[in-house]
Amino acid sequence: MINLTLRQLRYFEALARHGHFGRAAEACAISQPALSMQIKELEEMLGTALLERGARQVQLTNFGKEFSLRTRDILRSVDELGNLAQATRDRLVGRLRIGVIPTVAPYLLPTIIGNLSHLHQGLDIHVRETLTPKLIQELADGRLDTAIVALPVSEPSFAEVALFTEDFVLVRPGEDEGKPVPDREMLREMKLLLLEEGHCFRDQALAFCNIHSVLTRELLDGSSLSTLVQMVGAGIGVTLIPEMAVAMETRSASVSIARFVGPQPSRTIGMIWRKTSPLVAQLLQISEVVRDSADTLRKRHIRTMPSPAPVP
């Protein structure tokens with residue numbers, strides 16, 4: 001019998017994920033030599049190589065790739081055993097690993113974490129901010145317990161709970177204040193600034209403007225909503241942002257905000273988690289906290305939002 005340890009499996013999973021001994025060691029909070037020794041012992045016990053070691057990074061062997069898939073399944077099951085124990089408790093305690101998309105995290109997370117910490121003082125919250133495809137993969141791999149994303153994600157193995165819907169608003173240079181709001185057809189003729197590829201918010205904005213992928217090469221990309229708003233303030237173009245971002249992103253930019261009419265572009269934000277998670281009851285409680293947090297944020301900023309302007 002080969003006596004593999006969970007520690008070895010976690011170290012190998014980190015190495016397979018990062019493809020680099022230094023980054024994997026940092027993620028595991030151990031030294032690089034200690035990680036290398038554990039991986040070497042693991043290969044010796046298995047009697048075959050898991051890695052092809054290069055000067056700058058490592059590659060998995062064919063066996064290593066298969067071993068990596070099985071390792072993820074094992075570690076996910078182990079984590080769910082811990083979650084099962086947590087689920088039997090009367091209150092939410094222990095570690096909660098939550099993922100959030102970048103167009104939500106800066107605006108909603110402070111309120112969510114504050115409310116969760118107040119209501120559930122035994123909760124150890126770990127936050128991961130990244131793009132939706134990465135959140136979906138990490139949730140499937142068991143590295144996250146839940147994620148806050150734009151719905152739908154349409155993953156059969158995930159449960160989805162819609163939390164709130166918010167509109168998009170148009171950000172224009174400050175001198176455009178009071179001008180008629182362009183419709184979708186007019187937007188397609190303007191210099192439209194969007195988030196770079198990979199952001200779901202980019203896809204939603206393109207869908208509203210009915211801009212096909214072949215035309216996106218002519219658009220200007222930014223890495224964050226903050227960058228887009230500052231570019232608009234510099235007179236480079238116009239952009240769309242979600243309502244929750246208005247107060248934070250426009251406070252230091254010379255821009256004007258306008259609402260669309262007929263139809264209003266919008267998105268639905270919700271929480272997702274694995275259907276097999278034993279924390280379903282607890283995650284439903286957390287979803288209510290997220291919903292209440294979003295409602296609090298909306299009420300706090302509603303006075304700063306403009307009324308719908310007429311379409312030309």
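- For R70, the side chain to side chain donor-acceptor pair (under 3.5 Å) partners at least two apart in sequence or on another chain are E66.
- Looking at K299 and D295, a side-chain N of the basic residue comes within less than 4.0 Å of a carboxylate O on the acidic one, giving a salt bridge.
- Residues passing the ring pair (Phe, Tyr, Trp, His ring centres under 6.0 Å) test with F201 are F168, sequence neighbours excluded.
- Among residues two or more places apart in sequence or in another chain, the side chain to side chain donor-acceptor pair (under 3.5 Å) test is passed with Q8 by T5.
- Qualifying salt bridge (charged side-chain N to carboxylate O under 4.0 Å, His left out) partners for D203, counting only residues two or more places apart in sequence or in other chains: none.
- A search for ring pair (Phe, Tyr, Trp, His ring centres under 6.0 Å) contacts involving F158 returns nothing, not counting sequence neighbours.
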Check residues 108-119 and write down every donor-acceptor pair under 3.5 Å in which the side-chain atom is one partner and the other belongs to a residue at least two apart or another chain.
from : atom 1 : to   : atom 2 : distance (Å)
N115 : ND2    : T111 : O      : 3.4
N115 : ND2    : S293 : OG     : 2.8
S117 : OG     : I113 : O      : 2.8

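- Listed by chain and number, the residues in a salt bridge (charged side-chain N to carboxylate O under 4.0 Å, His left out) with R128 are E138 (sequence neighbours excluded).
- Listed by chain and residue number, R17 satisfy the side chain to side chain donor-acceptor pair (under 3.5 Å) test with E13 (two or more places apart in sequence, or in another chain).
- Judged as a salt bridge (charged side-chain N to carboxylate O under 4.0 Å, His left out), the pairs with a partner in residues 156-178 (not counting sequence neighbours) are, in order, E166-R267, D167-R259, D176-K179.
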Can you give me every donor-acceptor pair (side chain of residues 270-278, partner residue at least two apart or in another chain, under 3.5 Å) with its distance?
from : atom 1 : to   : atom 2 : distance (Å)
R274 : NE     : E80  : OE2    : 3.1
R274 : NH1    : L139 : O      : 2.7
R274 : NH1    : L144 : O      : 2.9
K275 : NZ     : P156 : O      : 2.9
T276 : OG1    : E80  : OE2    : 3.4
S277 : OG     : L279 : N      : 3.1

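- Scored by the side chain to side chain donor-acceptor pair (under 3.5 Å) test, T268 finds T165 as partners (sequence neighbours excluded).
- A side chain to side chain donor-acceptor pair (under 3.5 Å) check over residues 25-49, counting only residues at least two apart or in different chains, returns the pairs E43-R53.
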